[in-house]
Participant: 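What follows is a structure written as structure tokens; I'll ask about it next.
If you're wondering where the values come from, they're calculated on a predicted model, not measured in any experiment. Atoms within a ligand are numbered from 1 in the order they appear, just like the ligands themselves.
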Amino acid sequence: MDDLQKRTWAEVSLKNLRHNYEAIRAAIPEGCRFLGVVKADAYGHGAVPVSRMLEEAGADYLAVSCLDEAMELREAGIKMPILILGHTPPKYTETLIDNNISQTISCFAKAKEYSDAACAIGKELKIHIKLDTGMSRLGFLCSEGYYQEGLRNVAEACALPGLNHEGIYTHFAVSDEFGEDNEDYTRRQFALFTGFIEDLKKQSGLSFKIRHCANSGAVVNYPEMALDMVRPGLLLYGYGDTSGRLGLKPCMRLVTTVSTIKVYEPGTSVSYGRRYTTDKRTRMGVLAIGYADGLPRISSNKCSYAVKGGFAPQCGSICMDMCMVDLSDFPQVDVGSEVEIFGEQNSICKISDAAGTIPYELLCAVSKRVPRVYKD
Ligand SMILES: *Cc1c(COP(=O)(O)O)cnc(C)c1O
């Protein structure tokens, strides 16, 4: 990277990504497929380079949220099968088919629309049926009162012409949270999912090549739920409470630089709103990162960032393009020095906890203005 760009950047380690992929592969059963979730620009890491790496490493499937995300990958030459987890307007059915993109089907009415569109052009759309076993988001209802109706609806959807039912899946609500209640809930979701698939087979003779339910939480906490394919997102990028158990490494390092340093007398207020006042002679640095880069403003005054020699407390309100840090204890840190906002030294969880959010949101928030720099 040339010096002009040396403001704020996100280093993405494809080596760590490869390491995480191999480690997760080694933890799942032999023969189980691996789907890498690369929605939201691969959780901010860059969907194209991440997908290229996964393709090269031998992953089986990719998942994205919408057609635009899928087409970005196809236009970049990614050949692997792609599953769209969200909705696609049925008028794009031909685009889906021609680009070998599989579509999630979450109710009979939509199945019918895709079927009609596929039949009109004499082609076949690959679909994955989504069951709502307790997430209460997308999917065919199949809980108690809806069970029989659910079986009928799925069977009728799969029987429609122009649709090839390659897969069936569900999504867990609390597989990444601990405690008996959460474990119980996840096990009940899993039992409902597998029981429903068995009944579909018994009642309608239907079977699916790829049954999948394991998101990051389940890959680590419930390895027995891997079925035919696992579907990790966050884990692949090396984050989350459970990533340590597999020895995974975070793939992104958000780095900024010190723009200027000034020394203030005690009693000097700093930044908008005057929400911080120095209580000593303070050597204050201005960092070239703010909420427009993805640093949550709500974490103002609550975090410290990694500098050479330790962690410098952030002081005062985070501005759009800048924020301040107390460098009094770090005389070796100078204008132009690098500061790690999060990465291997400063855990992203410290920032997400301070902001009252989760690592997912911080990764997705790293904005377009922040160049991604690929290492290895
Ligand atoms: C986002 C998503 C995943 C990946 O979730 P992680 O918690 O990041 O592993 C898996 N499946 C579905 C349906 C998703 O929407």
Participant: Under a 3.5 Å distance rule, please check whether Thr93 uses its side chain to pair with a backbone N or O of Pro90 as donor and acceptor.
Facilitator: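 Judged by distance alone, yes, a pair lies under 3.5 Å.
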Participant: Would you name the heavy atoms of Thr260 and Val335 that are closest together and state the gap between them?
Facilitator: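 So the two residues come closest at CA-CG2, 3.8 Å.
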Participant: Check Cys323 against Tyr305 and note the closest heavy-atom contact, atom names and distance.
Facilitator: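 Heavy atoms of Cys323 and Tyr305 come nearest at SG-CE1, 4.2 Å.
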Participant: Which atom pairs, nitrogen or oxygen on both sides, join ligand 1 and the protein at under 3.5 angstrom?
Facilitator:
{"from": "ligand 1", "atom 1": "7 (O)", "to": "Tyr360", "atom 2": "OH", "distance (Å)": "2.6"}
{"from": "ligand 1", "atom 1": "8 (O)", "to": "Tyr43", "atom 2": "OH", "distance (Å)": "2.5"}
{"from": "ligand 1", "atom 1": "8 (O)", "to": "Leu234", "atom 2": "N", "distance (Å)": "2.8"}
{"from": "ligand 1", "atom 1": "9 (O)", "to": "Ser216", "atom 2": "N", "distance (Å)": "2.8"}
{"from": "ligand 1", "atom 1": "9 (O)", "to": "Ser216", "atom 2": "OG", "distance (Å)": "2.5"}
{"from": "ligand 1", "atom 1": "9 (O)", "to": "Gly233", "atom 2": "N", "distance (Å)": "2.9"}
{"from": "ligand 1", "atom 1": "11 (N)", "to": "His171", "atom 2": "ND1", "distance (Å)": "3.4"}
{"from": "ligand 1", "atom 1": "11 (N)", "to": "Arg231", "atom 2": "NE", "distance (Å)": "2.9"}
{"from": "ligand 1", "atom 1": "11 (N)", "to": "Arg231", "atom 2": "NH2", "distance (Å)": "3.2"}
{"from": "ligand 1", "atom 1": "15 (O)", "to": "Lys39", "atom 2": "NZ", "distance (Å)": "2.7"}
{"from": "ligand 1", "atom 1": "15 (O)", "to": "Arg137", "atom 2": "NH2", "distance (Å)": "3.4"}

Participant: Under 6.0 Å from the six-membered ring centre of Tyr374 and within 45° of its axis: does the NZ or CZ of Lys15 meet both?
Facilitator: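 Checked: cation-pi criterion not met.
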Participant: Which heavy atom of Leu14 sits nearest to which heavy atom of Met53, and what is that distance?
Facilitator: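 Here Leu14 and Met53 meet closest at O-SD, 3.8 Å.
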Participant: Looking only at heavy atoms, what is the nearest atom pair of Leu227 and Cys213, with distance?
Facilitator: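 That would be CD1-SG, 4.0 Å.
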